[in-house]
Amino acid sequence: MKKNILFLLLALVCSCSNSDNSSSSSSTSINPPTWVQGYWLREVNVDGEVTDLQGLKATSNDFYFTQLGSGNSMKTLINNTLLSGGSVVVDEMINTTEYKLNIKFNESPYPQYYFKKITSTRIQFFDTAGVGGAFFIKQ
């Protein structure tokens, strides 16, 4: 029975697309849209000055915030939780200008990430409550 469930989960994960069309999905994988993939540093003023103290990195199947160049991989946190017998639910909403990522570890919500595309080299990040609006510049 466990093998059947794992096979079904694997089939669901493999069938999810990474397109920039509007979509929502729940799974155990992270699939950031192409427009948010890359390395980003936080903008510290309106002139586009950035700091390497705070950044974020997104790949086709991972996401993490960085502090002084190092960060915690969400993919690693998900895999470690699953390996230890815990549960993970990843909810994503993706379209051409917004990306929302919410991860629940063992039924407890992890902070939600919400990004809004401003340009191809500038995105805006909001915290769990939709507050903040920090800008990040693509590197």
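Heavy atoms only: backbone and side chains are in, while hydrogens, waters and symmetry mates are out. Sequence positions, counted from 1, serve as the residue numbers for this chain.
Of all heavy-atom pairs spanning Gly133 and Gln124, the tightest one is O-NE2, 3.1 Å. In terms of heavy-atom proximity, Ile30 sits nearest to Phe63 at CG2-CB, 4.2 Å. Residues Ser60 and Pro32 share a closest heavy-atom pair of O-CD, 3.7 Å.
Paired with Phe115 under the rule ring pair (Phe, Tyr, Trp, His ring centres under 6.0 Å), one option of Trp40, Phe125, Phe135, Phe136 passes, and it is Phe125.
When atom types are taken as modelled, the side chain of Gln139 and the backbone of Ile137 share a donor-acceptor pair closer than 3.5 angstrom. Lys138 places a side-chain N or O within 3.5 Å of a backbone atom of Gln37 that can act as its donor or acceptor partner. Using a distance-only test at 3.5 Å, with no hydrogens or angles considered, a donor-acceptor pair links the side chain of Glu92 to the main chain of Asn31. Not one N or O on the side chain of Asn106 forms a donor-acceptor pair closer than 3.5 Å with the backbone of Ser108.
Under the side chain to side chain donor-acceptor pair (under 3.5 Å) criterion, Thr81 pairs with no residue, sequence neighbours left out. Applying the side chain to side chain donor-acceptor pair (under 3.5 Å) criterion to Asn80, with sequence neighbours excluded, gives no partner residue. Scanning for side chain to side chain donor-acceptor pair (under 3.5 Å) contacts around Ser73 gives Asp62, Thr76, with sequence neighbours left out.
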Checklist entry - Where do Ile78 and Val90 land on the side chain to side chain contact (heavy atoms under 4.5 Å, CB included) test, with the steps shown first? => result CA-CA 9 Å; Ile78 289 169; Val90 176; 3.7 Å; yes

Item to check | Verdict with reasoning, Met74 to Ile103, per side chain to side chain contact (heavy atoms under 4.5 Å, CB included) | outcome: CA-CA 9 Å; Met74 290 295 134; Ile103 306 170; 3.9 Å; yes

Next on the checklist: Let's go through Val89 and Thr28 carefully: what are the C-alpha distance in whole Å and the side-chain angles of both, what is the deciding distance for side chain to side chain contact (heavy atoms under 4.5 Å, CB included) to 0.1 Å, and is it a yes or a no?
Outcome noted: CA-CA 5 Å; Val89 175; Thr28 58; over 6 Å; no

Next on the checklist: Please evaluate residues Lys104 and Val88 with respect to the criterion side chain to side chain contact (heavy atoms under 4.5 Å, CB included), reporting the C-alpha separation (whole Å), side-chain torsions for both, the decisive distance (0.1 Å), and the verdict.
Outcome noted: CA-CA 6 Å; Lys104 292 182 182 178; Val88 176; over 6 Å; no

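Cation-pi geometry between Lys57 and Tyr39 is not met: the NZ or CZ atom fails to fall both under 6.0 Å from the ring centre and inside 45° of the normal.
We find the CG-OG1 distance between Leu41 and Thr66 to be 6.5 Å, quoted to the nearest 0.5 Å. Rounding to the nearest 0.5 Å gives a distance of 4.5 Å between CD of Glu98 and CE of Met93. Here NZ of Lys116 is found 13.0 Å from CD1 of Ile123. Values are rounded to the nearest 0.5 Å.
Aromatic ring centroids of Tyr99 and Tyr114 lie 6.0 Å or more apart.
Phe65 and Leu77 fall within the same hydrophobic cluster, defined by Ile, Leu, Val, Met, Phe, Trp and Tyr side-chain heavy atoms under 4.5 Å apart, directly or through other members. A continuous path of ILVMFWY side-chain contacts below 4.5 Å connects Leu82 to Phe105, so both sit in one hydrophobic cluster.
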